[in-house]
Protein chains: 2
Amino acid sequence: MPNHKPIERTSVSRAAMPPRAEVMTIREMCEAFEVTPRTLRFYEQKELLFPIRQGTRRLFTRRDRARLKLILRGKRFGFSLEDIRQLLDMYDRDPGQQEAQLSRTYALAQERLAAMEAQRDELNEAITDLKAQMAWGQDMLTALRRSNRP
Amino acid sequence: MPNHKPIERTSVSRAAMPPRAEVMTIREMCEAFEVTPRTLRFYEQKELLFPIRQGTRRLFTRRDRARLKLILRGKRFGFSLEDIRQLLDMYDRDPGQQEAQLSRTYALAQERLAAMEAQRDELNEAITDLKAQMAWGQDMLTALRRSNRP
DNA sequence: CGTTCCATTTACGTCAACGTCAAAGACTCT
DNA sequence: AGAGTCTTTGACGTTGACGTAAATGGAACG
């Protein structure tokens with residue numbers, strides 16, 4: 001029985017690094033952001049992230065982390081990955097057009113907001129209707145039970 | 001120029017039928033329920049509908065119409081077609097177990113309701129957050145505009 | 001040097017509810 | 001009999017965001 005405690009192989013080198021590591025491995029990223037490795041590779045392939053390489057291994061920089069934050073935020077709002085890519089791209093291309101970029105982003109956000117509110121309203125209508133149906137079913141059930149075993 | 005007015009080919013035979021036609025053609029169904037032919041054929045293939053045949057053509061009975069109504073209602077509530085099929089099947093199998101059937105349906109409806117409410121809550125949170133982000137962006141924009149052209 | 005354990009690459013699979021052809025009837029009017 | 005207009009069947013395509021499996025590679029531990 002070699003060792004009980006799993007050895008943290010890279011614990012020495014990582015402990016020697018500055019408190020907030022410059023780069024993170026794929027696994028560290030996964031834990032930090034609650035995503036799978038597949039997701040990170042997928043995002044790289046879709047040009048949403050650009051991890052550097054140490055040999056063949058990916059190392060995610062602060063930039064990648066900032067981007068991933070934005071990606072996950074965008075997803076919550078219902079933006080597609082393609083939408084998000086275009087936005088991030090825009091900010092990357094020329095770091096001068098701040099105003100134009102922000103106003104473009106704002107416009108897209110407005111669209112999204114409207115869509116989300118529409119969806120919520122539909123959902124609420126459906127919920128209301130379902131509740132009505134259920135009330136009806138409830139009554140039906142009571143009546144049935146009464147007649148089945150009085 | 002043969003005729004301007006499009007002739008209703010089946011107008012005679014259909015006019016001869018009782019006021020509320022016993023069966024409907026696929027096209028009539030599509031118009032009545034705002035679905036495509038593909039949808040109706042798909043539902044038949046999935047054993048949600050059972051139109052009879054006149055030669056090769058489908059004729060949808062009152063039963064089909066009742067089922068379709070339920071199918072579309074179920075869809076609004078977020079039930080999958082498979083869920084719906086099972087429910088309809090259940091009611092079909094033995095028209096005796098009314099109480100058991102209704103109570104099963106009620107239970108499923110409760111699940112659905114909970115899911116829908118959860119989804120709505122998530123959506124609402126996202127909406128709130130997006131609005132917050134947008135307010136921030138709004139401020140940013142104002143500040144940028146002020147500094148860009150004062 | 002061998003074992004272990006990651007990581008990577010590649011590529012096909014998934015899921016739902018249809019959409020979108022294409023080819024071949026089928027019906028009716030003329 | 002031809003023309004025009006449905007209808008049907010069959011089968012592959014679509015969409016998004018990954019999941020999953022297989023084969024390969026490399027690094028650290030012992």
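In this text, all values refer to a predicted model and were calculated from it rather than measured experimentally.
By the side chain to side chain donor-acceptor pair (under 3.5 Å) test, B:Arg85 pairs with B:Glu82, B:Asp89, sequence neighbours left out. Applying the side chain to side chain donor-acceptor pair (under 3.5 Å) test to B:Thr36 and every residue at least two apart in sequence or in another chain returns B:Thr39. For A:Arg76, the side chain to side chain donor-acceptor pair (under 3.5 Å) criterion is met by B:Asp129, not counting sequence neighbours. Not a single side chain to side chain donor-acceptor pair (under 3.5 Å) links A:Arg104 to another residue, sequence neighbours left out.
Atom pair A:Arg57:CZ and C:dT9:P shows a separation of 11 Å (rounding to whole Å applied). Distance A:Gln54 CD to D:dA27 P: 9 Å, rounded to the nearest Å. Atom-to-atom, CG of B:Leu40 to P of D:dT7 comes out at 11 Å; the value is rounded to the nearest Å. Taking atom CD1 on B:Ile52 and atom P on D:dT8, their separation rounds to 13 Å, with Å as the unit. When rounded to the nearest whole Å, the span between CD of A:Gln45 and C1' of C:dA7 equals 16 Å.
Counting heavy atoms from C-beta on, the side chains of A:Val23 and A:Phe60 never come closer than 4.5 Å.
Proximity of B:Arg27 to the phosphate of D:dT7: a side-chain N or O atom is located under 4.0 Å from OP1 or OP2.
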Per-nucleotide protein contact along nucleotides 9-24 of chain D, 5' to 3', at a 4.0 Å heavy-atom cut-off (B base, S sugar-phosphate only, - neither), is B-B-----BBBB----
Validation: residues 130-144 of chain A side-chain donor-acceptor distances under 3.5 Å, sequence neighbours left out:
unit_1: A:Lys131; atom_1: NZ; unit_2: B:Glu117; atom_2: OE2; d: 3.4
unit_1: A:Gln133; atom_1: OE1; unit_2: B:Arg73; atom_2: NH1; d: 3.4
unit_1: A:Gln138; atom_1: NE2; unit_2: B:Tyr106; atom_2: OH; d: 2.9
unit_1: A:Thr142; atom_1: OG1; unit_2: A:Gln138; atom_2: O; d: 2.8

